Amino acid sequence: MGIMRQADLKNIFTHYRESKHLLFNQKEFLTEKHQPSIIHRDHQIQQLARTIAPAVNGEKISNTFIFGTVGTGKTLVARHVTSELAKEAQGVRILYVNCKMKRVSDTEYRLLAELTRELGEAVPPTGLPTDQVYAQFFRLLDSKPQHVILILDEIDNIIKRIGDDVLYSLLRANQDLRQGKLSLIGISNDVTFMDTMDPRVKSSLSEEELIFPPYNAAQLQDILLSRTKEAFQEGVLESGVVAKAAALAAQEHGDARKALDLLRVAGEMAERQGRTKVTIADIDTAEQKLDTDLVVEAVRTQPKQSLAVLAAIVRLAESGQQHFQTGDVFTVYEKLAAGRGLKLLTQRRVSDLINELDMQGVINAKVISKGRYGRTREIKVVLDPPLVEKIKRILADNYFLDSLGRFAE
DNA sequence: GTCAATTCACATGAAAGAGACCACGGTCTAGTG
DNA sequence: CTAGACCGTGGTCTCTTTCATGTGAATTGACGA
């Protein structure tokens, strides 16, 4: 890393300021946070509004479940409708928790703590017995006549991690509350996960169900158009750009967020290159960039042991084998880790790490049975070469490769 | 040739331990009146 | 006498190990035609 002179730095900033007005108008319109009018979801909005409407008269509402794949507007609709309700109804309080957020809610304690904090009381991040936090939460909830509507976004995440006991306790609590009321809106993109739940929870949780179908390409295009007017300057999008983004996102389960990301990234790239037009080709490169960025980020934030496993996998892939299995990875890992002075993990653990790498899309692992020759994961690296190079650089930074990109013994 | 039993190489689950971090309540210490 | 420093206890969190059980189809071996 060289020393950057102040003048250079200044150049970057001023250049950025000039180019900022080149393409974008208000880029925020391409992000999820910015909430414009919601289109193509009238039916769902009405349905949800009808089920939570009784809250206006202080009545308890049915616990509701919302299903739909990513980027179909579940969160947007839920937040919009509930906040409108809160304006109309006295004593209604909306709590929104995204269960996907690590550090916020991947244990029972943390979920409860987060809820309590949302209600306005501090809870230490650890140290207290869980039932004490329960008590605190319910005391707060019952401290005045109020109707708390709890939105648990990506609820399947937390159920998979810590089981459905939490929900059971939360739902059952209503019977003990004197003044407060608690209703639940669960949002999930996994339709099947309901089957794994305790029947009692299942029946009381999904008194009402809403389905959000994926957007089709035409709908996605409408959504994009409604935002590009504000987001981009006039005439910077070549014809067909929006349609292309919509089409690509439609292939991926009608994900509106992805469509917006495509446009934004395409715009950013064109802008950085000093161009005044966003082309269809930009959308294609944007898609690649989105994918690789995700993987690179995943690899970068991987802990040491996991990197060691990844290094073993990359090494096996480099040695020319198309695919290999857990046992192969483990033996190579052992050598690599021993060389680095790392503590050796058991194969049980390595197996889990391989699985995690697969889930993050860094590698490709599939459980197959080879009959007499056992049952194992078939592991592959299916990333394109430039991305593999990036990964190798990260591995090198962590001393799993030497500076020439070779695997050290 | 057919069919069930066998067998491999792990996958997958459950429980529990190690070590870090933290809150809380009690005790000790030093500074103050 | 009191505020703050300093324990000890008991709690959670993450990562990991240990022990146990599950699994899908290629292979094997018994069987009957």
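Below, chain A is the first sequence line, B the second, and so on; all start at residue 1. Only a predicted model underlies this, so the values are computations on that prediction, with no experimental measurement involved.
As a whole-Å value, the separation of L345(A) CG from dA18(B) P is 17 Å. Rounded to an integer number of Å, the gap from CG of L111(A) to P of dT12(C) is 15 Å. Per the geometry, CG belonging to L307(A) stands 13 Å off P belonging to dC15(C), to the nearest Å. Nucleotide dA9(B) holds its C1' atom 11 Å from the CZ atom of R372(A), rounded to whole Å. Taking atom NE2 on H323(A) and atom P on dC10(B), their separation rounds to 14 Å, with Å as the unit. Taking atom CD of residue E356(A) and atom P of nucleotide dT14(C), one finds them 13 Å apart after rounding to whole Å. In this structure, Q325(A) atom CD and dA25(C) atom P are separated by 16 Å, rounded to whole Å. Residue D352(A) contributes atom CG, which lies 11 Å from atom P of dT17(C) at whole-angstrom precision.
Applying the salt bridge (charged side-chain N to carboxylate O under 4.0 Å, His left out) rule to E252(A) yields the partners K258(A); only residues at least two apart in sequence or on another chain are considered. Residues forming a salt bridge (charged side-chain N to carboxylate O under 4.0 Å, His left out) with D352(A) (at least two apart in sequence, or on another chain): R348(A). Among residues two or more places apart in sequence or in another chain, the salt bridge (charged side-chain N to carboxylate O under 4.0 Å, His left out) test is passed with D358(A) by none.
The residue from N189(A), V77(A), I187(A) that alone fulfils the side-chain contact (heavy atoms from CB on, under 4.5 Å) condition with F212(A) is V77(A). When each of V295(A), V381(A), V362(A) is checked for a side-chain contact (heavy atoms from CB on, under 4.5 Å) with L387(A), only V295(A) meets the rule. Remark: of the listed residues E207(A), H147(A), E59(A), H147(A) is the sole one forming a side chain to side chain donor-acceptor pair (under 3.5 Å) with S183(A). Partner of L182(A) under the side-chain contact (heavy atoms from CB on, under 4.5 Å) criterion, chosen from I149(A), N63(A), L115(A), L150(A): L150(A).
Here L344(A) lies in heavy-atom contact (under 4.0 Å) with sugar-phosphate atoms only. Counting any heavy atom pair closer than 4.0 Å across all strands shown, I368(A) reaches no nucleic acid atom.
For the pair R377(A) and dC10(B), the criterion of a side-chain N or O lying under 4.0 Å from OP1 or OP2 is not met. Listed pair T326(A) / dC10(B) fails the phosphate criterion, with no side-chain N or O lying under 4.0 Å from OP1 or OP2. For dT27(C), the OP1/OP2 oxygens have a side-chain nitrogen or oxygen of Y373(A) closer than 4.0 Å. Between S369(A) and the phosphate of dA9(B), there is no side-chain N or O to OP1/OP2 separation shorter than 4.0 Å.
Within residues 128-135 of chain A, the residues approached by DNA chain C to less than 4.0 Å at the level of any non-hydrogen atom are L128(A), P129(A), T130(A), in residue-number order. Residues of residues 119-127 of chain A that place a heavy atom closer than 4.0 Å to DNA chain C, in numerical order, are T126(A), G127(A).
Counting only N and O atoms by type, the side chains of Y333(A) and Q305(A) include a donor and acceptor under 3.5 Å apart.
The CG atom of L263(A) lies 11.0 Å from the CD atom of E268(A); values are rounded to the nearest 0.5 Å. Note that CZ of F330(A) and CG of L345(A) are 8.0 Å apart. Values are rounded to the nearest 0.5 Å. Interatomic distance, NZ of K60(A) versus NZ of K181(A), reported as 9.0 Å (0.5 Å rounding). Separating the CG atom in L170(A) from the CZ atom in R172(A) is a distance of 10.0 Å, to the nearest 0.5 Å.
For dG13(B), its base sits under 3.5 Å from the side chain of R348(A) at one donor and acceptor pair at least.
For the pair N398(A) (side chain) and F400(A) (backbone), a donor-acceptor distance under 3.5 Å is absent.
Candidate nucleotides dT12(B), dT14(C), dC15(C) were compared by shortest atom distance to the side chain of R349(A), and dC15(C) ranks first. In the set dT16(C), dG24(C), dT14(C), dG24(C) carries the atom at the smallest distance from any side-chain atom of R375(A). Side-chain proximity of T346(A) to dC8(B), dC10(B), dT18(C): nearest is dT18(C).
In DNA chain C, runs of at least 3 stacked Watson-Crick or G-U pairs (N1-N3 plus N6-O4 or O6-N4, or N1-O2 plus O6-N3, all under 3.5 Å) give these stems: B:1-31 with C:1-31.
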